[in-house]
Novice: 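Pasting a structure below so you can have a look.
Just so we're clear, the structure is a prediction, and the values are computed from it rather than from any experiment. Just so it is clear: chains get the letters A, B, ... in the order the sequence lines come, proteins before strands, and each one is counted from 1.
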2 protein chains.
Amino acid sequence: MSADAHDRLMEWVDRIASHLTAVDGLPPITGRVLGWLMVCEPVEQSAGQIAEAIGASRGSMTPNLRQLTGVGFVERINRPGSRTTYYRLVDNAWQAVVEQQVAALRSFRAITAEGIDLLDARSERSRRVRQADHVLQRLQDVLSDVVSTDEAEGGAPAPAHRSTPDSGEQS
Amino acid sequence: MSADAHDRLMEWVDRIASHLTAVDGLPPITGRVLGWLMVCEPVEQSAGQIAEAIGASRGSMTPNLRQLTGVGFVERINRPGSRTTYYRLVDNAWQAVVEQQVAALRSFRAITAEGIDLLDARSERSRRVRQADHVLQRLQDVLSDVVSTDEAEGGAPAPAHRSTPDSGEQS
DNA sequence: TGGTCGTTTCAGTCACTACTGAAACTAAAG
DNA sequence: CTTTAGTTTCAGTAGTGACTGAAACGACCA
């Protein structure tokens, strides 16, 4: 790979990390690890390799990789006869995120349900809570649906499918 | 209202705030303001009233209410002939959140699209990025759908609907 | 059983963000 | 024009969380 291509790739990793930091409140390094694991070669990488690739200390790998494996984004691979443990993106990584969203929605709705029970059903403030609960329920339903249909189709998009997001495509 | 009922309500507000803090990374007071505006009586509340209700300083109301109005969750009401400005939950508050999610998804997909262009289409790492893009696209689609169908039906749920989430679960 | 490679733990540092409380500001009312 | 109710600004503070670097640990190899 040319040095130029490598630079562009690392720039991309940084862009993904920035997005995750801004939108999901992920720590910077966690985002970089994630971005790197999406495009690294080979797929399996040791903690040391990752640290060097993204320019972070080795010590910071432990908590970050722990969190990423904790949420089901990354998996550990321990080859017998080797002392290094490798990490790789799990096959349907992003689906795991959706599953977590569904779980969060469920626990949220548990709270709204309590609120509805707490208030007089024909009061106006009950309506406010019900309106929230309604949207949350819709979200829970459609996200559950995304998870199940996605794992039904194996999660793999068409092999040679050209990228065509509905919004304009760029350089 | 009995003091007991009031206590239960404030406890509920705190529970909602805790959830939003834990899951969405919202600051504690922002969550409490939000929870309070969901169940307060009357709907319109001045900054001072809110501060007193949730036990926060008046100074902290400004940044919090500014952010909540910024994301379309809360609206200001300025009655002429009165120096107090009132705040209230907008009518389809939670829908605005979904719209923001859709926007975030769109910008995320812009990045994954760049990544796909950056990599050899038949490489394995390209597949990883495409897999991510695929899930993000699904999410974007279904969430857009939630927004449009919800505003089509006016956003108001059935008036006397009993709360029964599919499973009771909490943190 | 040492030797070495790799990861983990841990204490310290740094930056950042949220919140408070007082003072400044604005606008209605007398 | 002064008074007064209310909000906003601002500086200061406390608390939190992330990252680093060094030391401890554990496991494979000779």
Novice: To the nearest Å, give me how far apart CG (B/L20) and P (C/dA18) are.
Specialist: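 Taking CG of B/L20 and P of C/dA18, I get 15 Å after rounding.
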
Novice: If you restrict it to nitrogen or oxygen atoms, what contacts under 3.5 Å exist between nucleotides 4-6 of chain C and the protein, and what is each distance?
Specialist:
residue : atom : partner : partner atom : Å
C/dT4   : O2   : A/R83   : NH1          : 3.4

Novice: Supply the atom-to-atom distance B/M38 CE to B/W94 CH2, rounded to the nearest 0.5 angstrom.
Specialist: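 Interatomic distance, B/M38 CE to B/W94 CH2, rounded to 0.5 Å: 5.0 Å.
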
Novice: Please give me the minimum heavy-atom distance between A/A17 and A/G31, naming the atom from each residue.
Specialist: CB-C, 3.6 Å

Novice: Side chains of B/R88 and B/Q45: is there a donor and an acceptor less than 3.5 Å apart?
Specialist: no

Novice: Between C/dA18 atom P and B/R32 atom CZ, what is the distance in whole Å?
Specialist: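 Spelled out: CZ on B/R32 to P on C/dA18 is 14 Å.
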
Novice: Under 4.0 Å from any atom of DNA chain C, heavy atoms only: list the residues of residues 62-75 of chain A that qualify, in numerical order.
Specialist: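 Only A/T62, A/R66 qualify.
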
Novice: What is the distance, to the nearest angstrom, from the CD1 atom on A/I50 to the C1' atom on C/dT8?
Specialist: 15 Å

Novice: So, the side chain of B/T69 versus the backbone of B/L65: is there a donor-acceptor pair under 3.5 Å, distance only?
Specialist: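 Side chain of B/T69 to backbone of B/L65, a donor-acceptor pair under 3.5 Å: yes, one is there.
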
Novice: What is the distance from CD of A/E52 to P of C/dT7, rounded to the nearest Å?
Specialist: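 Taking CD of A/E52 and P of C/dT7, I get 12 Å after rounding.
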
Novice: With a 4.0 angstrom cut-off to heavy atoms of chain B, pull out the first and last contacting nucleotide of DNA chain D, in 5'-to-3' order.
Specialist: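 Counting from the 5' end, contacts occupy D/dT4 to D/dT9.
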
Novice: Within 45° of the six-membered ring axis of B/Y86 and under 6.0 Å from that ring's centre, is NZ or CZ of B/R76 located there?
Specialist: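 So B/R76 doesn't make the cation-pi contact.
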
Novice: Tell me what B/Y87 touches on the nucleic acid: a base, only sugar-phosphate, or nothing, going by heavy atoms under 4.0 Å.
Specialist: sugar-phosphate

Novice: Could you report the tightest heavy-atom contact between A/R128 and B/L37, atom names first, then the distance?
Specialist: NH1-O, 2.9 Å

Novice: Base, sugar-phosphate alone, or nothing: which one does B/R76 contact when heavy atoms must sit under 4.0 Å apart?
Specialist: sugar-phosphate

Novice: Considering heavy-atom distances to DNA chain D, does B/S60 or A/S57 have its closest nucleotide positioned more toward the 5' end?
Specialist: B/S60

Novice: Run the salt bridge (Lys or Arg N to Asp or Glu O under 4.0 Å) check on B/R127 and A/D91 step by step: do they pass?
Specialist: CA-CA 10 Å; B/R127 197 188 124 270; A/D91 203 39; 2.8 Å; yes

Novice: If you measure only the distance, is there a donor-acceptor pair under 3.5 Å linking the side chains of A/T85 and A/N78?
Specialist: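 Side-chain D/A pair, A/T85 to A/N78: absent.
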
Novice: Would you say the side chain of A/D141 lies within less than 4.5 Å of the side chain of A/Q137, judging by non-hydrogen atoms?
Specialist: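 Contact flag for A/Q137/A/D141 side chains = yes.
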
Novice: Could you go through B/E52 and B/R58, starting from their C-alpha distance and side-chain angles, then the distance that decides it, and tell me whether this counts as salt bridge (Lys or Arg N to Asp or Glu O under 4.0 Å)?
Specialist: CA-CA 8 Å; B/E52 194 195 7; B/R58 302 196 160 202; over 6 Å; no

Novice: Just the rounded figure in Å: distance from C1' of C/dC19 to CD1 of B/I54.
Specialist: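 Answer to the nearest Å: 11 Å.
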
Novice: Could you check whether A/R138 and B/T149, counting side-chain N and O atoms only, form a donor-acceptor pair closer than 3.5 Å?
Specialist: yes

Novice: Taking the nucleotide of DNA chain D with the nearest heavy atom to each, does A/P80 or B/M61 sit closer to the 5' end?
Specialist: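 Result: B/M61.
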
